[in-house]
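What follows is a set of notes on a single structure, which appears directly below.
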There are 2 protein chains.
Amino acid sequence: MRRTRFATDECPVARSVEAVGDWWSLLIVRDAFAGKGRFGEFQTSLGVAKNILTVRLRKLVADGVLELVPASDDSAFKEYALTGRGRGLLPVIVALGQWGCTSSPFKPVDRKTGKRVRLEFRSEGGRKLTPDDVQLVPASGT
Amino acid sequence: MRRTRFATDECPVARSVEAVGDWWSLLIVRDAFAGKGRFGEFQTSLGVAKNILTVRLRKLVADGVLELVPASDDSAFKEYALTGRGRGLLPVIVALGQWGCTSSPFKPVDRKTGKRVRLEFRSEGGRKLTPDDVQLVPASGT
DNA sequence: CCGTATCCATTCCGATACTG
DNA sequence: CAGTATCGGAATGGATACGG
């Protein structure tokens with residue numbers, strides 16, 4: 001029963017971990033943000049075995065991260081599209097990307113201006129904080 | 001040779017994925033941010049098998065996320081502490097936490113004011129953006 | 001207390017072959 | 001193109017026993 005435990009873990013990080021499943025899922029989500037939606041696109045992009053991809057996609061759909069929609073170009077097929085919940089994962093992707101390195105094949109930009117976007121910590125007052133300004137405290141709701 | 005491929009992947013997300021390894025590592029990092037540092041603390045907190053924990057800690061140290069430092073209370077033992085690189089993972093943890101849910105055993109606060117901190121997308125001009133305002137574009141460096 | 005070493009079950013992953 | 005089915009190898013994970 002390995003890591004099923006995480007699904008009911010009280011920590012949202014752990015539950016996110018469980019929901020997204022494994023890293024394949026996250027890379028699929030990354031590709032989805034990059035505009036990919038077809039089974040073959042994911043398969044080519046990730047080089048993952050097709051059976052694994054099938055399982056991952058199914059899980060992502062079951063978890064409400066992706067949904068199957070009619071393909072835009074060819075009505076005979078379906079496409080995988082991010083749900084609202086799925087789009088909520090963008091900060092995770094961007095945070096990983098920012099941590100990974102600077103030069104990236106995918107960069108986040110403002111949809112309107114096309115300018116570079118970054119993830120920042122902001123206090124309630126709106127003040128920009130560095131990671132060192134931030135600490136994780138044990139709890140007390142919200 | 002499974003997923004070793006990711007280590008040389010050009011995408012920083014994929015490389016982060018490889019560096020952090022698996023979800024255990026991320027949960028260890030989460031605990032480290034929460035002030036934990038001793039082997040036993042991780043072991044108790046995560047309920048992970050000790051041999052697995054050993055491997056994960058070793059990998060995190062090798063990847064420069066954690067480092068071994070003399071224990072503060074008992075000089076006979078060592079503690080695992082986040083490196084600068086490791087502290088850079090905080091946005092990832094917080095992003096996962098924000099996505100996971102609202103009520104959390106760990107919340108990020110401003111170290112100085114104690115007030116709630118959130119991760120936000122900001123354009124270069126400083127304007128706050130929603131995830132829907134942001135798109136991932138294929139590349140062109142930095 | 002802090003690991004290491006071993007054993008075993010489960011799972012993951014990749015390759016391949018096959019269907020519609 | 002979009003999967004499904006099966007197979008074997010590798011890695012993960014848990015439990016336990018052992019040593020510094």
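Numbers restart at 1 for each chain; the letters A, B, ... are given by sequence-line order, proteins then strands. Hydrogens, waters and symmetry mates play no part in the numbers below; they use all other heavy atoms, side chains included.
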If you check the [X] side chain, which of [options] turns out closest?
X: B:Thr54; options: D:dG14, C:dG3, C:dC2; value: C:dG3
X: A:Lys50; options: C:dC2, D:dG3, D:dT4; value: D:dG3
X: A:Trp24; options: D:dT4, D:dT12, C:dG14; value: C:dG14
X: B:Tyr80; options: C:dG3, D:dG14, C:dC2; value: C:dG3
X: A:Arg56; options: D:dT4, C:dC12, D:dG14; value: C:dC12

Five pairs at each end of the helix from C:dG3-D:dC18 to C:dG20-D:dC1: take the axis at both ends and give me the angle between them to 10°.
->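 So the angle between the two local helix axes works out to 30°.
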
Say whether, by atom type as modelled, one donor and one acceptor occur between the side chain of A:Arg116 and the main chain of B:Glu124 under 3.5 angstrom.
-> no

I need the [atom1]-[atom2] distance between [X] and [N], as an integer number of Å.
X: A:Leu60; N: D:dG3; atom1: CG; atom2: C1'; value: 16 Å
X: A:Glu41; N: D:dA2; atom1: CD; atom2: P; value: 8 Å
X: B:Leu57; N: C:dG3; atom1: CG; atom2: P; value: 8 Å
X: A:Ile52; N: D:dG3; atom1: CD1; atom2: C1'; value: 14 Å
X: B:Gln43; N: D:dG14; atom1: CD; atom2: P; value: 10 Å
X: A:Phe39; N: C:dT19; atom1: CZ; atom2: C1'; value: 14 Å
X: B:Leu66; N: C:dG3; atom1: CG; atom2: P; value: 12 Å
X: A:Leu53; N: D:dA5; atom1: CG; atom2: P; value: 15 Å

How would you list, by chain and number, every residue that makes a side chain to side chain donor-acceptor pair (under 3.5 Å) with A:Asp133, sequence neighbours excluded?
->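 In terms of side chain to side chain donor-acceptor pair (under 3.5 Å), with neighbours along the sequence ignored, A:Asp133 is linked to A:Thr130, B:Lys112.
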
Name all residues meeting the side chain to side chain donor-acceptor pair (under 3.5 Å) criterion together with B:Glu120; count only those two or more places apart in sequence or in a different chain, and write none if there are none.
->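 Counting only residues at least two positions away or on another chain, B:Glu120 forms a side chain to side chain donor-acceptor pair (under 3.5 Å) with B:Arg122.
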
Polar pair under 3.5 Å, donor/acceptor by atom type, side chain B:Asn51, base D:dG14 |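 By the distance-only test, yes, there is a pair.
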
Value for CG (B:Leu82) from CG (B:Leu90), rounded to nearest 0.5 Å, stands at 9.0 Å

Distance from A:Arg58 atom CZ to A:Leu68 atom CG, nearest 0.5 Å?
->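 Between atom CZ of A:Arg58 and atom CG of A:Leu68 there are 10.5 Å.
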
Looking only at side-chain N and O atoms, does A:Arg58 come under 4.0 Å of OP1 or OP2 in D:dG3?
->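 No, no such contact exists.
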
Would you say B:Arg38 reaches C:dG3's phosphate, i.e. side-chain N/O to OP1/OP2 under 4.0 Å?
-> no

Which residue lies toward the 5' end of DNA chain D, A:Leu68 or B:Ala49, if each is placed at its nearest nucleotide?
-> A:Leu68

Check whether any side-chain heavy atom of B:Asp132 sits under 4.5 Å from a side-chain heavy atom of A:Arg87, and report yes or no.
->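 Sidechains of A:Arg87 and B:Asp132: in contact.
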
Audit row: A:Leu96, A:Leu26, side chain to side chain contact (heavy atoms under 4.5 Å, CB included) steps and yes/no | CA-CA 10 Å; A:Leu96 280 168; A:Leu26 210 52; 3.3 Å; yes

